[in-house]
Participant: 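The structure's right below; bear with me while I get my questions together.
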Amino acid sequence: MPELPEVEITRRGIAPHVIGRRVERIDVYDRRLRWPVPADLETRLRGLTIDRVDRRSKYLLFHVGEAALLVHLGMTGTLRTWHDPPPRKPHDHVDITFDDGTVLRYRDPRRFGAMLWVASTADGHPLLDALGPEPFDAAFDADYLWRVTRRRHAAIKLALMDNRVVTGVGNIYANEALFRAGIRPSTPANRVSKARLARLVVAVRAVLEAAIAKGGSTLRDFVGSDGAAGYFQLEYFVYARAGAACRVCKRPIRQSRLGQRSSFYCAHCQPR
DNA sequence: CTTTTGACCTGACAGC
DNA sequence: TGCTGTCAGGTCAAAA
């Protein structure tokens with residue numbers, strides 16, 4: 001579910017409730033996430049104070065001194081804070097209780113998410129070390145995109161969704177950004193001109209910013225840290241709109257498949 | 001190196 | 001009311 005905007009919404013919602021708070025207890029009800037929740041997580045984290053909450057790609061990092069708790073929401077994960085949490089429901093896998101009684105609850109029906117321990121953020125972590133630039137980094141520009149796509153013959157949409165190229169862009173926002181940039185998703189990456197890559201950089205940032213401003217996208221189950229839904233799905237130009245009229249030219253939106261993911265585009269607004 | 005495919009897991013929905 | 005098949009926001013690992 002969550003792409004960069006939803007993870008960022010989660011981060012902003014949670015940070016004020018947990019920064020400066022000391023972890024009093026950790027209850028892991030089900031360790032079977034994408035990787036098992038480390039058996040020693042409780043003993044490592046208990047008693048430590050959260051200094052900062054960062055987002056890197058779609059990962060959240062709860063910094064505690066040199067170390068950090070790393071959380072990924074997978075496809076269906078949500079993190080919510082409660083002052084007085086309701087009874088645990090199925091798929092509520094972890095509760096972290098702070099010294100002021102705040103409870104941070106991790107829920108993830110499909111269990112594609114992760115909760116791991118990073119011993120030293122200075123030393124890096126295998127999941128973080130190979131990541132490309134953040135979309136809002138100055139390093140993500142047309143020259144950079146041009147350089148890293150020279151040997152890529154596969155579709156530009158696959159490059160855009162590759163976290164080594166740029167982080168945080170998933171299926172929804174890749175489709176939306178390519179529409180805004182007027183680029184057909186199936187175009188081989190190395191055949192997109194530098195001028196159009198420059199448009200793509202602008203479009204990626206614009207769509208992510210707009211989504212964050214709307215609280216992210218709630219398709220099935222995403223909610224922010226306070227339980228509020230997002231509304232950006234109402235502004236989609238192409239995603240999940242197969243057969244519907246293009247908001248710009250009124251021609252039908254088409255659907256295809258690239259790398260086992262649904263792709264949506266307007267054949268007129270996104271010419272070959 | 002790039003590219004493709006399968007795998008992980010649950011729930012929702014369409015069609016029979 | 002079942003049952004089966006398909007699809008879903010992610011991304012890793014293996015194989016080509």
Side-chain angles (χ1 to χ4, degrees), chain A residues 1-11 29-37 55-60 70-79 89-93 106-116 125-132 135 147-178 185-191 204 207-208 211-212 214-224 229-236 238-243 255-264:
Chain A
M1 153 222 31
E3 300 185 33
L4 183 151
E6 292 75 27
V7 178
E8 181 62 21
I9 290 292
T10 299
R11 186 191 72 78
Y29 308 109
D30 194 340
R31 315 194 87 92
R32 299 171 306 163
L33 301 183
R34 168 145 201 183
W35 298 280
V37 177
R55 179 190 57 74
R56 174 74 173 109
S57 186
K58 296 167 191 165
Y59 298 97
L60 287 172
L70 177 151
V71 178
H72 194 288
L73 302 178
M75 289 274 260
T76 52
T78 52
L79 274 173
K89 288 204 216 164
H91 312 306
D92 289 341
H93 303 313
Y106 178 80
R107 174 181 171 79
D108 185 4
R110 287 176 78 176
R111 307 205 314 271
F112 280 0
M115 194 169 288
L116 297 170
H125 188 277
L127 291 174
L128 305 175
D129 295 343
L131 294 171
R147 188 157 41 79
V148 298
T149 50
R150 285 317 81 200
R151 282 176 181 75
R152 297 186 87 119
H153 183 260
I156 183 69
K157 175 162 177 270
L158 297 175
L160 196 53
M161 293 178 64
D162 184 336
N163 281 325
R164 295 167 305 181
V165 172
V166 62
T167 62
V169 182
N171 199 33
I172 293 175
Y173 300 110
N175 278 297
E176 294 296 315
L178 287 163
S186 56
T187 308
N190 60 0
R191 290 190 43 220
V204 165
V207 74
L208 296 176
I212 291 169
K214 292 283 174 179
S217 297
T218 296
L219 295 187
R220 290 168 192 79
D221 43 20
F222 172 74
V223 288
Y231 292 95
F232 189 70
Q233 68 279 7
L234 302 175
E235 298 183 19
Y236 291 167
V238 290
Y239 183 78
R241 297 193 68 240
Q255 180 170 3
S256 69
R257 210 138 178 100
L258 292 170
Q260 301 167 307
R261 312 300 295 276
S262 285
S263 296
F264 303 89

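In the text below, chain A, chain B and the rest are named by the order of the sequence lines, each starting its count at 1.
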Participant: When the C1' atoms of C:dG9 and B:dT3 are compared, how many Å lie between them, rounded to an integer?
Facilitator: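 Approximately 23 Å lies between the C1' atom of B:dT3 and that of C:dG9.
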Participant: Picking from B:dC9, C:dG9, B:dT4, which would you name as closest to the side chain of A:Leu158?
Facilitator: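 Among B:dC9, C:dG9, B:dT4, the one nearest the side chain of A:Leu158 is B:dT4.
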Participant: So, for A:Val204 and A:Pro135, which heavy atoms are closest and what is the spacing to 0.1 Å?
Facilitator: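 Shortest heavy-atom contact: CG1-CB, 4.0 Å.
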Participant: Can you pull every protein N or O that's under 3.5 Å from an N or O on nucleotides 11-13 of chain C?
Facilitator:
{"unit_1": "C:dT11", "atom_1": "OP1", "unit_2": "A:His72", "atom_2": "NE2", "d": "2.7"}
{"unit_1": "C:dT11", "atom_1": "OP2", "unit_2": "A:Lys58", "atom_2": "NZ", "d": "2.9"}
{"unit_1": "C:dT11", "atom_1": "OP2", "unit_2": "A:Asn163", "atom_2": "ND2", "d": "3.2"}
{"unit_1": "C:dT11", "atom_1": "O4'", "unit_2": "A:Arg34", "atom_2": "NH1", "d": "3.3"}
{"unit_1": "C:dT11", "atom_1": "O2", "unit_2": "A:Arg34", "atom_2": "NH1", "d": "3.3"}
{"unit_1": "C:dT11", "atom_1": "O2", "unit_2": "A:Arg34", "atom_2": "NH2", "d": "3.3"}
{"unit_1": "C:dC12", "atom_1": "OP1", "unit_2": "A:Tyr59", "atom_2": "OH", "d": "3.3"}
{"unit_1": "C:dC12", "atom_1": "O4'", "unit_2": "A:Arg34", "atom_2": "NH2", "d": "2.5"}

Participant: Is A:Lys58 salt-bridged to A:Glu3, going by a charged N under 4.0 Å from an acidic O?
Facilitator: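 Here A:Lys58 does not pair with A:Glu3 in a salt bridge, since their nearest N and O are not under 4.0 Å apart.
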Participant: Does the side chain of A:Ser262 get closer than 4.0 angstrom to OP1 or OP2 of C:dA8 through an N or O atom?
Facilitator: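 So the side-chain polar atoms of A:Ser262 do come within 4.0 Å of the phosphate oxygens OP1 or OP2 of C:dA8, strictly under.
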Participant: Check the phosphate of B:dT10 against A:Arg107, side-chain N and O only, distance under 4.0 Å to OP1 or OP2. Yes or no?
Facilitator: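 Negative; the distance criterion is not met.
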Participant: Would you mind reading off the distance between A:Arg56 atom CZ and C:dG10 atom C1', rounded to a whole angstrom?
Facilitator: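 In whole Å, C:dG10 C1' and A:Arg56 CZ are 16 Å from each other.
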Participant: Please answer whether the main-chain N or O of A:Asp108 pairs with a side-chain N or O of A:Thr76 as donor and acceptor at a distance below 3.5 Å.
Facilitator: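 No; zero donor-acceptor contacts below 3.5 Å.
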Participant: Could you work out which one of B:dC9, C:dG10, B:dT3 sits closest to the side chain of A:Ala154?
Facilitator: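 It is B:dT3.
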Participant: Want to settle it: does A:Arg111 or A:Gly259 sit nearer the 5' end of DNA chain B, counting the closest nucleotide to each?
Facilitator: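 Looking at the nearest nucleotide for each, A:Gly259 comes out on the 5' side.
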Participant: Classify the nucleic acid contact of A:Tyr239 as base, sugar-phosphate or nothing, counting any heavy atom under 4.0 Å across all strands shown.
Facilitator: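 Sugar-phosphate only.
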Participant: Within less than 4.0 Å of OP1 or OP2 of B:dG11, is there a side-chain N or O belonging to A:His91?
Facilitator: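 For B:dG11, OP1/OP2 do have a side-chain N/O of A:His91 under 4.0 Å.
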Participant: Quick check: are there more than 12 heavy atoms from other residues, nucleotides or ligands sitting under 6.0 Å from CZ of A:Arg151?
Facilitator: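 No, not enclosed.
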Participant: Determine whether a donor-acceptor pair (one donor, one acceptor, N or O, separation below 3.5 Å) exists between the side chain of A:Arg110 and the base of B:dC9.
Facilitator: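 Donor-acceptor pair under 3.5 Å: yes.
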Participant: A:Gln260 side chain to A:Arg257 main-chain N or O, any donor-acceptor pair under 3.5 Å?
Facilitator: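 No; zero donor-acceptor contacts below 3.5 Å.
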Participant: For A:Ser262 and A:Tyr239, test the side chains for any donor-to-acceptor distance below 3.5 angstrom and give the result as yes or no.
Facilitator: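 Result is no, nothing qualifies.
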Participant: Which one, B:dT4, C:dG9, B:dT3, comes nearest to the side chain of A:His153?
Facilitator: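 Between B:dT4, C:dG9, B:dT3, the one nearest the side chain of A:His153 would be B:dT3.
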Participant: Quick one: look up who B:dC8 pairs with, Watson-Crick or G-U, both distances under 3.5 Å, and put none if it's unpaired.
Facilitator: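 In the structure as shown, B:dC8 has C:dG10 as its Watson-Crick or wobble partner.
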Participant: Are the aromatic rings of A:His72 and A:Tyr59 close, with centres under 6.0 Å apart?
Facilitator: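 Close enough - the centres of the two rings lie under 6.0 Å apart.
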